[in-house]
There are 2 protein chains.
Amino acid sequence: MASLGELERAVMDLLWASQEAATANTLRDLLAQDSEAEGGSAGHQGKDLAVTTVLTVLSRLEKKGLVERERGTRPHRYQAVSSREDHTAELMHEVLGSAPDREAVLARFIGSVSESEAATLRKLLGGH
Amino acid sequence: MASLGELERAVMDLLWASQEAATANTLRDLLAQDSEAEGGSAGHQGKDLAVTTVLTVLSRLEKKGLVERERGTRPHRYQAVSSREDHTAELMHEVLGSAPDREAVLARFIGSVSESEAATLRKLLGGH
DNA sequence: AAAGTTTTCTACGAATTGTAGAAGAAGCAG
DNA sequence: CTGCTTCTTCTACAATTCGTAGAAAACTTT
């Protein structure tokens, strides 16, 4: 139960973008805007989703542990459980974790990182 | 079109384990063994798959670009396109790639790597 | 209590995956 | 070459996931 569908991803992007908790309605509106602004002629069309659709997706994301909801307030408010960066880093660990030879994987991985990123990594890893 | 199902993964594991190309029949046998040897009482049961099942899976893996087949020999022979390590590293890049703030993700990622792996990384990243 | 808003339940269609039979193609025994 | 055996391709079906949303239930507000 790892990867997200297209809409699920779109919703997460919104939640990650706005640090704040949002209601399903707000999200629906944001999604409408996004798809409206999305690209020239043949982009994939602008949807105007039903709120129930957004709610379903939010429930699924909650079940997957990516989203948390405040049930106290009346229009429930949803927010991402962890930041996009944390989540992505976690994902990377998941991918790596399933490998028997982690170090070999890391070697390959490092091999194809840009120089500037390599520099960042050196800094992060600190002097020996 | 990213992740693999359970059986697909099992097949890839076999192909990755044995550097050599294998036939569908061989793989079917190996799968049978594996599930046989797999865990005490309530593990998920030992299947004895039909060869067509294995062939279907192999075709799908081929379509996904993970497997290559020699069509010349009569029992076609299948092999992984890239090593497990390469594939995993690629996956990590895919995960990372979709992030707007790559460096932040890398920071988190590095933050939760074991010390020995950190050492390896330092070595790989080389001086200055 | 009526009307409006929000949430939950239920459902359906497309795509993916595990699973395999039926039928077609290719090679081997006579 | 003709039939038997083996291998591959085609087609199919059930379960799960995901996009999508109506119907109904629950809660607010007036």
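Proteins get letters first, then strands, A, B, ... in listed order; numbering begins at 1 in each.
Residues passing the salt bridge (charged side-chain N to carboxylate O under 4.0 Å, His left out) test with E90(B), sequence neighbours excluded: none. Taking the side-chain hydrogen bond (donor to acceptor under 3.5 Å, both in side chains) definition, one finds that T73(A) meets it with nothing, sequence neighbours left out. The salt bridge (charged side-chain N to carboxylate O under 4.0 Å, His left out) test applied to R108(B) returns D86(A), not counting sequence neighbours. Taking the side-chain hydrogen bond (donor to acceptor under 3.5 Å, both in side chains) definition, one finds that R69(B) meets it with S59(B), E62(B), H76(B), Y78(B), sequence neighbours left out. Shown here are the salt bridge (charged side-chain N to carboxylate O under 4.0 Å, His left out) partners of E8(B), two or more places apart in sequence or in another chain: K64(B). Residues that satisfy the salt bridge (charged side-chain N to carboxylate O under 4.0 Å, His left out) test with R77(B), not counting sequence neighbours, are absent from this structure. Residues satisfying the side-chain hydrogen bond (donor to acceptor under 3.5 Å, both in side chains) test with T56(B), not counting sequence neighbours, are none. Under the side-chain hydrogen bond (donor to acceptor under 3.5 Å, both in side chains) criterion, R28(B) pairs with N25(B), sequence neighbours left out.
Atom CD in E8(A) sits roughly 12 Å away from atom C1' in dT20(D) (whole-Å rounding). Across the protein-nucleic acid pair, L55(B) atom CG and dT17(C) atom C1' stand 16 Å apart, rounded to whole Å. As a whole-Å value, the separation of L66(B) CG from dT17(C) P is 11 Å. Note: CG (L31(A)) to P (dG19(D)) measures 11 Å, nearest angstrom. Taking atom CZ of R28(B) as the reference point, atom P of dT19(C) lies 14 Å away to the nearest angstrom. Summarising the geometry, the separation between CG on L61(B) and P on dT19(C) is reported as 13 Å, rounded to the nearest angstrom. Atom CG in L7(B) sits roughly 15 Å away from atom C1' in dA15(D) (whole-Å rounding).
Computed from C1' positions of five pairs at each end, the angle between the two local axes of the helix from dA1(C)-dT30(D) to dG30(C)-dC1(D) equals 0°, rounded to 10 degrees.
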All N/O pairs under 3.5 Å across the protein-nucleotides 21-23 of chain D interface:
| from | atom 1 | to | atom 2 | distance (Å) |
| --- | --- | --- | --- | --- |
| dA21(D) | OP2 | A50(A) | N | 3.2 |
| dA21(D) | OP2 | T53(A) | OG1 | 3.2 |
| dA21(D) | N6 | T56(A) | OG1 | 2.8 |

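Residues from residues 69-78 of chain B lying near DNA chain D, meaning a heavy-atom separation below 4.0 Å, are R69(B), R71(B), R74(B), P75(B), H76(B) in numerical order. Within residues 16-25 of chain A, the residues having any heavy atom under 4.0 Å from DNA chain C are, by residue number, N25(A).
Looking at every heavy atom in both residues, F109(B) comes nearest to H93(A) through O-NE2, 3.1 Å.
Distances shown here put every side-chain N or O of K63(B) at or beyond 4.0 Å from the OP1 or OP2 atom of dT9(D).
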